[in-house]
Amino acid sequence: MSEFIDKFQDLVGFVDHTAKSIMGRLDHFTFKMLVDGLKSTDYEAVKSNIEQLEREKRPLSIPPLYFVSQEHPRESVRARAEKALATIGDRKEIEKVTRGKSTEEAVKALIEKYGHYKS
């Protein structure tokens, strides 16, 4: 019986590891979809994506949200992204990293600090 239990535990460990690997890939894919959705001009769609990123509170969200807060054509989207940034990250730290930089330079600096969602 103990041999069965040992083998069963091995099987459970393998299945658990495989499931985590699959979920990790799905999670990464879903995250990329959320970030890609920030490109939309539909306020409700972008707002929904921003809110989801805000709930997840991943620092990886900071660079794309910063870009949206600076460059999106709709003021309401920029304001919503700004609010999300304050929830996800330390606003003073973000300002310190981006101060005096163009949007492109600032995003690159934020990627260096917080990572890139495509990695």
Side-chain angles (χ1 to χ4, degrees):
M1 187 69 163
S2 71
E3 185 178 333
F4 169 75
I5 292 171
D6 290 343
K7 287 184 179 184
F8 189 78
Q9 281 302 109
D10 289 343
L11 176 67
V12 168
F14 174 74
V15 170
D16 187 47
H17 175 72
T18 302
K20 285 180 183 173
S21 176
I22 291 169
M23 290 308 291
R25 279 188 240 134
L26 284 174
D27 188 45
H28 185 74
F29 179 72
T30 303
F31 186 74
K32 283 172 119 176
M33 285 177 44
L34 284 171
V35 172
D36 286 343
L38 296 175
K39 298 174 189 171
S40 177
T41 55
D42 175 13
Y43 174 73
E44 289 302 318
V46 177
K47 179 182 167 222
S48 175
N49 287 354
I50 290 171
E51 288 171 351
Q52 183 60 39
L53 290 169
E54 190 174 27
R55 280 190 293 274
E56 292 183 16
K57 293 187 179 188
R58 288 184 176 182
L60 287 175
S61 303
I62 292 172
L65 284 171
Y66 177 82
F67 181 80
V68 170
S69 76
Q70 300 299 305
E71 299 291 328
H72 199 279
R74 292 191 64 171
E75 171 59 36
S76 54
V77 171
R78 290 193 307 270
R80 186 62 185 92
E82 187 68 36
K83 180 181 174 212
L85 281 172
T87 301
I88 296 169
D90 178 350
R91 194 66 196 130
K92 288 180 182 178
E93 183 63 28
I94 293 169
E95 288 173 8
K96 180 179 163 188
V97 170
T98 60
R99 188 176 302 122
K101 294 180 172 87
S102 68
T103 301
E104 186 176 324
E105 292 170 334
V107 170
K108 286 179 183 178
L110 290 169
I111 287 171
E112 281 183 30
K113 179 157 183 69
Y114 298 107
H116 197 292
Y117 74 97
K118 290 184 179 181
S119 301

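Computed from a predicted structure; not experimentally measured. Throughout, residue positions are numbered sequentially from 1 according to the sequence presented.
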How many angstroms lie between atom [atom1] of [X] and atom [atom2] of [Y], to the nearest 0.5 angstrom?
X      : Y      : atom1 : atom2 : value
Leu60  : Ile111 : CG    : CD1   : 10.0 Å
Ile94  : Tyr66  : CD1   : OH    : 9.5 Å
Leu38  : Met33  : CG    : CE    : 12.0 Å
Glu105 : Leu110 : CD    : CG    : 12.0 Å
Lys108 : Lys101 : NZ    : NZ    : 12.0 Å
Leu65  : Tyr114 : CG    : OH    : 12.0 Å

Shortest non-hydrogen contact from [X] to [Y]?
X      : Y     : answer
Gly115 : Pro63 : O-CG, 3.7 Å
Val46  : Gly37 : CG2-O, 3.8 Å
Leu85  : Ser69 : CD1-OG, 3.7 Å

Checklist entry - Do NZ/NE/NH1/NH2 and the carboxylate oxygens of Lys47 and Glu51 come within less than 4.0 Å? => result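 Yes.
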Item to check | Arg91/Glu95 ion pair, N-O < 4.0 Å | outcome: yes
Item to check | Glu104 atom CD, over 12 foreign heavy atoms within 6.0 Å | outcome: no
Next on the checklist: Has His72 got a side-chain atom pairing as donor or acceptor with Thr41's backbone, closer than 3.5 angstrom?
Outcome noted: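 It does not hold such a pair.
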Item to check | Flag, side chain of Ser61 to backbone of Lys57, donor-acceptor distance under 3.5 Å | outcome: no
Next on the checklist: With side-chain hydrogen bond (donor to acceptor under 3.5 Å, both in side chains) as the criterion, how do Gln70 and Thr103 come out once you've worked through the C-alpha distance, each side chain's angles and the decisive distance to 0.1 Å?
Outcome noted: CA-CA 7 Å; Gln70 300 299 305; Thr103 301; 4.7 Å; no
